[in-house]
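All remarks here apply to the structure that follows.
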Amino acid sequence: MNAAAITTTFTTTFTTTLAIAIAISLSLSPAATAGEWHGSGTPLYTIAEGSLHGGVYVGGGHGLTYSDPYVEYFDLPNNIIYARLYVPMWNYNDGDTLTVSINEDELATRGEPDYIAAWGISCYAYDVSGAALVVGVNKVSATYENNNGAPYAIFLVAVYENQSMPYTQFWIDEGNHALSKAVADGSIINQGVAPFSGDVDNATVERADLWTVIIAGTDGEEDELWFNSKLIGTDVGKAKTGSYLDFDNFTVTDSIVSHNNTAIFKRGGEQYIHPFNAIFAVVHEKNVTGDTKLTVFETQSSRGPAIPIPVVAVLVISLIALLLVYAKKRRGRG
Amino acid sequence: MNHRPIFFVLAVILALSLSCLSCLPVACAAGSAGATDSVEDIQVTVTIPDRKEGVFAPDKLVAGGSVEGVRIVFENSGTDVATVAATIAVPDLLSVSVPTQELSERISAHDNTVAVEIGEIASGESVTVRIRVKPPDSIPMKTNEEFLVSVTAADGSGTEYKHRVTIIPPPSWITYGTIIVSLVLVAIVLFAVSRFGILEMFTTIDLVTIALLAALAGVVFRWFWQTFNDLLGPFGGLIFTIPVSALLVIALHLVRKPGTATLLFLVDQMVCMVIWGSNITVWLGWYLLEGAVVDAEVALFGGNYADTRVASVIYGMSRGFISYWLFYFLFSPAAWKICYADWYAWLQVGLAVLGGLIGGSIGYDAARKMRSAMM
């Protein structure tokens, strides 16, 4: 066999081996990669507020596991008048889908999420007030088409009526605010605010609770959570509820004010952190009575620019540099 | 030209690759079930962590890590209905919680023992119990622990299933080591800069070239990779490793100064920190290592600044190997407390080396043309 034949054989073998390796890898491996840049996301805002004799159920979990389907169970009370389901998702890209089932009752498959920020950290929000929720244990599962992503969690907020319970005011805030040092969108973002607009009669408050959902907090990088002017937690975002997930409940009875309460997420030492939800409930003394009130607001969302300005700027500078080099070369020849 | 150093490096890469292959995991059964006549048809399967199977290392937890799910499946492989109960003894090192689930009302937990009144399991059916465990914040050394699942039938007969897990300590030595390496590297760089006037060796054009190439890597190609990697599925990483290797080779070939690669990746990381908010403060030495290795190779090859295709390819492959190996085997368990399955991690390292090979070759062609244009 001559040298040319050996070379041809070697090349063919190498190419075939490479093709087989690629085919095997394609069939086996999901890559740990991310989505495109979507900007700083949506600051938290109130999607629903109201008051009633009853309470607010907030539950969910359990971190990024890449399980498919992703399953979470909820033990729910009777007489739910309003329910909001959240599926925070890692790595959304155009074309990805999410299908949620509640007690095997499949909701319409969704494409684009409601909230998206940074490298594809997103959240699907559903009004499931009329869904197939039952008293007791409910199974919620999420299946998804997302090449390299998966749910961070499934969360459910349910407002339920019970005339034997104290009168309760509630605010449900949602969004996806990327608090980050990144300047790709123009400036760094050091804090985010969850507003709970309206009045609270402090004199009759028995108890006040705040629940928060945070994505992508890092243990040891100290963020701060404030309620009005009181610091209620440090390093709250530390992935303690599961991978990349923090779900917390704070008693804030001593920190409430009579008008426009506010939760403040401060990035502090975190490189980046994403507040997703803040739910505030104020339980009044037994002698306080009132009617059921519920106000649901329109969903707000925002998306970042398709191509961040720094990318365009570097590309333009590079092209200019390249043109200068070749102009020099042409001059040298000429 | 003396090619012995090049063949030496190729031999080292080959040896490392072969040793990696020999490290691929061998499937092993971590548990065993002894059975009696009454419960012999109940098969117990324990999955920990309860994550997507295949990608993550099974039966391995990292101390200091977050809450992990445990899935225990009781399957009746017999022909008759079986009525069973079970207790799950969780290792004391792990703290236990029981999430809401279908069997919630039949599950009770006391200390680290979870009792489940499973009830009837029809032939061919299975029942799943989910618990969550939190690894300890710290342990002195790698520890093997056992989950003990005891299954009891209605007639009182029983069987036990043991499932072994390994808890590895928080790789604090890696963390501290990395910080020390970071500081030492930075100190060496500062010393070299001041003592030998290294910065004076770089002309303004050199620094502009490095800054531009670093910006291309850290801003443009990082965005491009993050945006389009899904199109290539598992090969998405190539969208980043190929251009970065090409830019590395171009930088070496155009600048032609010792320390070019290290400086390129230093600027790259600084750009990423500013634009994307990347965390580089603690891990700077880690990121610089990929450049330092290439600079060492340039010195080893007697000042071959990607002047040959073979050298360019070696630089690209080395950079790919070092950066991905560090990521999957040191950064991931140290920073994220996650252990990837060995096959998956090595596949990614292999893809990075492949990207380095392609990028090095492309970079060599581009660099030669650019150099001839600039001469």
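Quantities reported herein were computed from a predicted structural model and do not represent experimental measurements. Reminder, nothing fancy here: chain letters follow the sequence lines and each chain counts from 1. The figures that follow rest on heavy atoms only: side chains count, while hydrogens, waters and symmetry mates do not.
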Separation between [atom1] of [X] and [atom2] of [Y], rounded to the nearest 0.5 Å:
| X | Y | atom1 | atom2 | answer |
| --- | --- | --- | --- | --- |
| Lys52(B) | Asp68(A) | NZ | CG | 7.0 Å |
| Leu315(A) | Phe221(B) | CG | CZ | 8.0 Å |
| Arg130(B) | His62(A) | CZ | NE2 | 7.5 Å |
| Asp219(A) | Asp137(B) | CG | CG | 8.0 Å |

Portion of [X] that has a non-hydrogen atom of chain B nearer than 4.5 angstrom:
| X | value |
| --- | --- |
| Lys139(A) | side chain |
| Val311(A) | both |
| Thr241(A) | backbone |
| Leu324(A) | neither |
| Tyr70(A) | neither |

Q: Find the one option among Asp50(B), Leu213(B), Val271(B), Val208(B) whose heavy-atom pairs under 4.5 Å with chain A are most numerous.
A: Asp50(B)
Q) Got a donor-acceptor contact below 3.5 angstrom from the Ser66(B) side chain to the Gly242(A) backbone? A) yes
Q: Ignoring hydrogens and angles, tell me if any N or O in the side chain of Thr100(B) forms a donor-acceptor pair with the backbone of Asp75(A) under 3.5 Å.
A: no
Would you say the side chain of [Y] lies within less than 4.5 Å of the side chain of [X], judging by non-hydrogen atoms?
| X | Y | value |
| --- | --- | --- |
| Ser104(B) | Tyr73(A) | no |
| Tyr66(A) | Phe56(B) | yes |
| Trp119(A) | Arg222(B) | yes |
| Leu212(B) | Ser318(A) | yes |
| Val137(A) | Glu105(B) | no |

Q: Please step through side-chain contact (heavy atoms from CB on, under 4.5 Å) for the pair Arg51(B) and Leu64(A), ending with a clear verdict.
A: CA-CA 8 Å; Arg51(B) 289 168 174 255; Leu64(A) 185 72; 5.7 Å; no
Q. Checking heavy atoms, do the side chain of Phe224(B), its backbone, both or neither come under 4.5 Å from chain A?
A. neither
Q. What residue, out of Ala313(A), Ser180(A), Gly95(A), Ser243(A), has the most heavy-atom pairs lying under 4.5 Å from chain B?
A. Ser243(A)
Q | Lys60(B), NZ: over 12 other non-hydrogen atoms inside 6.0 angstrom | A | no
